**Student:** 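Dumping the structure here so I can ask a few things about it.
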Amino acid sequence: MMIGMTYFLKLTAFVAATAFVVEGQSETHTVTFQNLCSTGVPTLKTYNGEILSTGPAYTSNGSLIAAIAYLDVGCGAKGEGCTLIETTLVNPASPGTGSSTDINLIPPHSFSVPSGFWYYNGCDGHGANCTDADCPSAFHSSTEGGVGIVCLAENVNLAITFCN
Ligand SMILES: *[C@@H]1O[C@H](CO)[C@@H](O)[C@H](O)[C@H]1NC(C)=O
Ligand SMILES: *[C@@H]1O[C@H](CO)[C@@H](O)[C@H](O)[C@H]1NC(C)=O
């Protein structure tokens, strides 16, 4: 009888814990920085310029839409004059949607430091590096068109490196 009741309680606790975990599996995305330059402040902002991180890993609750990242070595408030990484991390709700990340050297942005990124927790290793002002992996003019590196995995994370 006692054993039966203990088992029942444990089972109930287990079911409750499982339900909590499943419910807690909402969308999240983490952006991490690795700065191998001997200078600068890794910076992650919303497109409107709100600071999300100046170095530590940033985890979004839900999607992260149109964020910008750069190594602040005296850049403008939106990364002007610097190598800019643009990213949207979002779980694909329908075909043709999902995460996309690119490197932007379109004026007023310009090459400052080697910058690169790759996805993890999905699309592992997919990304791009830009090591000089003529790097083919970056956008250089707004007439170029094209898209960034796309990832259709859910809850994908992004690693950004400088001077790698
Ligand atoms: C995440 O966002 C959801 C929906 O807005 C909210 O219910 C939840 O409390 C948030 N969680 C955290 C940890 O901020
Ligand atoms: C970017 O550079 C890193 C470090 O050298 C390398 O591991 C990675 O494979 C490169 N990514 C691409 C897409 O070339």
Side-chain angles (χ1 to χ4, degrees), residues 25-164:
Q25 275 176 351
S26 52
E27 180 175 0
T28 65
H29 304 277
T30 297
V31 177
T32 54
F33 287 110
Q34 182 185 32
N35 180 16
L36 301 177
C37 303
S38 54
T39 182
V41 179
T43 302
L44 180 70
K45 290 184 174 179
T46 66
Y47 190 74
N48 291 328
E50 180 197 341
I51 295 173
L52 301 176
S53 172
T54 50
Y58 171 79
T59 298
S60 70
N61 179 16
S63 58
L64 179 65
I65 306 294
I68 58 174
Y70 53 90
L71 185 69
D72 194 350
V73 287
C75 320
K78 291 185 179 177
E80 296 91 333
C82 291
T83 311
L84 189 74
I85 292 177
E86 302 171 300
T87 187
T88 285
L89 302 175
V90 58
N91 291 351
S94 57
T97 65
S99 300
S100 178
T101 307
D102 62 70
I103 302 173
N104 183 339
L105 293 178
I106 302 170
H109 305 288
S110 60
F111 184 84
S112 52
V113 297
S115 304
F117 66 87
W118 62 82
Y119 294 107
Y120 64 101
N121 194 41
C123 304
D124 290 7
H126 282 270
N129 295 308
C130 179
T131 53
D132 60 70
D134 298 319
C135 71
S137 57
F139 295 141
H140 297 269
S141 132
S142 53
T143 57
E144 262 175 289
V147 292
I149 307 290
V150 170
C151 176
L152 300 181
E154 298 212 325
N155 299 317
V156 71
N157 300 328
L158 190 73
I160 295 174
T161 60
F162 302 111
C163 297
N164 194 336

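Atoms within a ligand are numbered from 1 in the order they appear, just like the ligands themselves. The shown structure was predicted, so the numbers you read here are calculated from the model rather than taken from an experiment.
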**Student:** Where is the nearest protein heavy atom to atom 5 (O) of ligand 2: which residue, which atom, and how far?
**Tutor:**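 It is N164 OD1, 4.0 Å.
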
**Student:** Looking just at side-chain N and O atoms, do Y70 and K45 make a donor-acceptor pair shorter than 3.5 Å?
**Tutor:**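 Distance-only check passes for Y70 and K45.
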
**Student:** Apply the side-chain contact (heavy atoms from CB on, under 4.5 Å) test between F117 and each candidate in I160, V31, T87; give the one that qualifies.
**Tutor:**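 Result for side-chain contact (heavy atoms from CB on, under 4.5 Å) with F117: I160.
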
**Student:** Under 4.0 Å from atom 2 (O) of ligand 2, do we find at least one protein heavy atom?
**Tutor:**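 Flag for atom 2 (O) of ligand 2 set to true, protein heavy atom closer than 4.0 Å.
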
**Student:** Which of these, T88, L89, T30, sits in a side-chain contact (heavy atoms from CB on, under 4.5 Å) with L64?
**Tutor:**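 Single pass found, and it is L89.
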
**Student:** Kindly determine whether W118 and I149 satisfy side chain to side chain contact (heavy atoms under 4.5 Å, CB included), including the steps that lead there.
**Tutor:** CA-CA 9 Å; W118 62 82; I149 307 290; over 6 Å; no

**Student:** Any side-chain heavy atom of H29 sitting closer than 4.5 Å to one from T59?
**Tutor:**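 When only atoms from C-beta onward are counted, T59 and H29 do not touch, as no gap falls below 4.5 Å.
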
**Student:** For atom 11 (N) of ligand 2, decide whether some protein heavy-atom distance is shorter than 4.0 Å.
**Tutor:**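 Under 4.0 Å from atom 11 (N) of ligand 2, at least one protein heavy atom found.
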
**Student:** For ligand 2, is there an atom lying under 4.0 Å from some heavy atom of G127?
**Tutor:**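 For ligand 2, residue contact (heavy atoms, under 4.0 Å) with G127 is present.
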
**Student:** Nearest protein heavy-atom contact for atom 6 (C) of ligand 2: which residue, which atom, what distance?
**Tutor:**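 Among all protein heavy atoms, the one nearest atom 6 (C) of ligand 2 is N129 ND2, 4.2 Å.
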
